[in-house]
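Have a look at the structure below, then the notes.
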Amino acid sequence: MKKIVVMGSSNMDFVFTVEEMPKKGETIKSREFQRIPGGKGANQACACGKLGGYCTFLSMVGNDDSGTSLIESLQAAGVRTEKMVKRTDCTTGIAAIQVNAAGDNSIVIVPGANGFCDETYMEASLDVIREAEVILTQLETPESGVFRLIREARKNGKTIILDPAPAPEELPEEILQGLTFLTPNETELGRLTGMPVETEEELIRAAGSLLEKGVKNVIVTIGSRGAILCNETGSRVCPAFSYGKVVDTTAAGDTFNAGLAVGLAEGRDLENAICLANAAAAISVTRKGAQPSIPTIEETNRLILSYTQ
Ligand code: RIB
């Protein structure tokens, strides 16, 4: 198993379960409230651990109860947390999340300690970055840190997965050039390219524009339909697994990205790695919350096996 480094955000999620999202100017009652460990980076690291990966997480939290709970959740999943930093000058990141009856969410973030995961932090983490083979990151921490990580990883020939969430209007061509994997969902792909993304043909065309800028593989996650893999050999749909009733889609994308990272680190071929990612994500949406919803490798393998028997 090759080593994985995940770099990114850690948030304590304040989750409000609602029937419908509140409309502008409306006050509504929540059916349930929970504090759950989350953050796109921490979810991805947690999922790498639960799926059996050898994963080191680079992130920052505050010196508070939320920071302690996040580190404990990651350690319970088998993630190496020794490079994480507990800061005394700010709080742990917070995400206020509303989840409606269809399992859809809307999220507001307070970055807190995540705002310090910058270039300087990456310089201090070069040893673990250079030791790893697979690097997974997203865009919920400062660009300066993410871009420094990508440049270092590219220089050393690592496999790089960039989940462009939250999506900016564009990414510098210098960053896209040579990126091994970019994994937007449909909305993120539309925002990144400024192109229409309603139909499968439009998704493939938009992904193609990123391939032209030097990305080697674009994997567009398309929710309950699975993912579309686009690269120089063409494009194909990697179908989703159907598992159960969708109750909460929070962290489904994070689980997908981690499944891809673990599959590649294990040496699976690309379509098999995407299969692992799809299966893990399908299970995660049937459970509430971010990190508690992520399945183990045993559960994920059982779902894959049930399809092949
Ligand atoms: O991707 C889901 C995550 O986004 C949540 O856990 C929340 O913390 C936000 O970062």
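First listed ligand is number 1; within each ligand, the first listed atom is number 1. Quantities reported herein were computed from a predicted structural model and do not represent experimental measurements.
Ligand 1 places these atoms under 4.0 Å from at least one heavy atom of G38: 6 (O), 8 (O). Per-residue contacts place I107 under 4.0 angstrom from the following atoms of ligand 1 (heavy atoms of the residue considered): 4 (O). Remark: ligand 1 atoms within the under-4.0 Å shell around heavy atoms of A95 are 7 (C), 8 (O). Interface of K40 with ligand 1, defined as ligand atoms under 4.0 Å from a residue heavy atom, comprises 1 (O), 2 (C), 3 (C), 4 (O), 10 (O).
No donor-acceptor pair under 3.5 Å is formed between the side chain of K213 and the backbone N or O of Q177. Under a 3.5 Å cut-off, the side chain of K50 and the backbone N or O of I294 do form a donor-acceptor pair.
A cation-pi arrangement is absent between R80 and F57, since the terminal nitrogen or guanidinium carbon is not both under 6.0 Å from the aromatic centre and inside a 45° cone about the axis.
In this structure, Y307 has its ring center closer than 6.0 angstrom to the ring center of F241.
With 3.5 Å as the limit, one finds a donor-acceptor pair spanning the side chains of N114 and N11. Side-chain contact check for E72 and S69: no donor-acceptor pair (N or O, by modelled atom type) lies under 3.5 Å.
Counting heavy atoms only, D13 comes closest to atom 5 (C) of ligand 1 of the residues D13, D254, V108. For atom 9 (C) of ligand 1, the nearest non-hydrogen atom from the set E140, Q44, Q138, M12 belongs to E140.
Protein heavy atom nearest atom 3 (C) of ligand 1, with residue, atom name and distance: N43 ND2, 3.6 Å.
The shortest N/O to N/O separation between T250 and ligand 1 does not fall below 3.5 Å. Inclusion of S9 in the set of residues having an N or O under 3.5 Å from an N or O of ligand 1 is not warranted. Any N or O atom pair closer than 3.5 Å counts here, and A290 shares no such pair with ligand 1.
I97 and F16 end up in different hydrophobic clusters when Ile, Leu, Val, Met, Phe, Trp and Tyr side chains are linked at under 4.5 Å. A continuous path of Ile, Leu, Val, Met, Phe, Trp and Tyr side chains, each step under 4.5 Å between heavy atoms, connects L136 with M1, placing both in one hydrophobic cluster.
The shortest separation from a heavy atom of G39 to ligand 1 is under 4.0 Å, placing the residue in contact.
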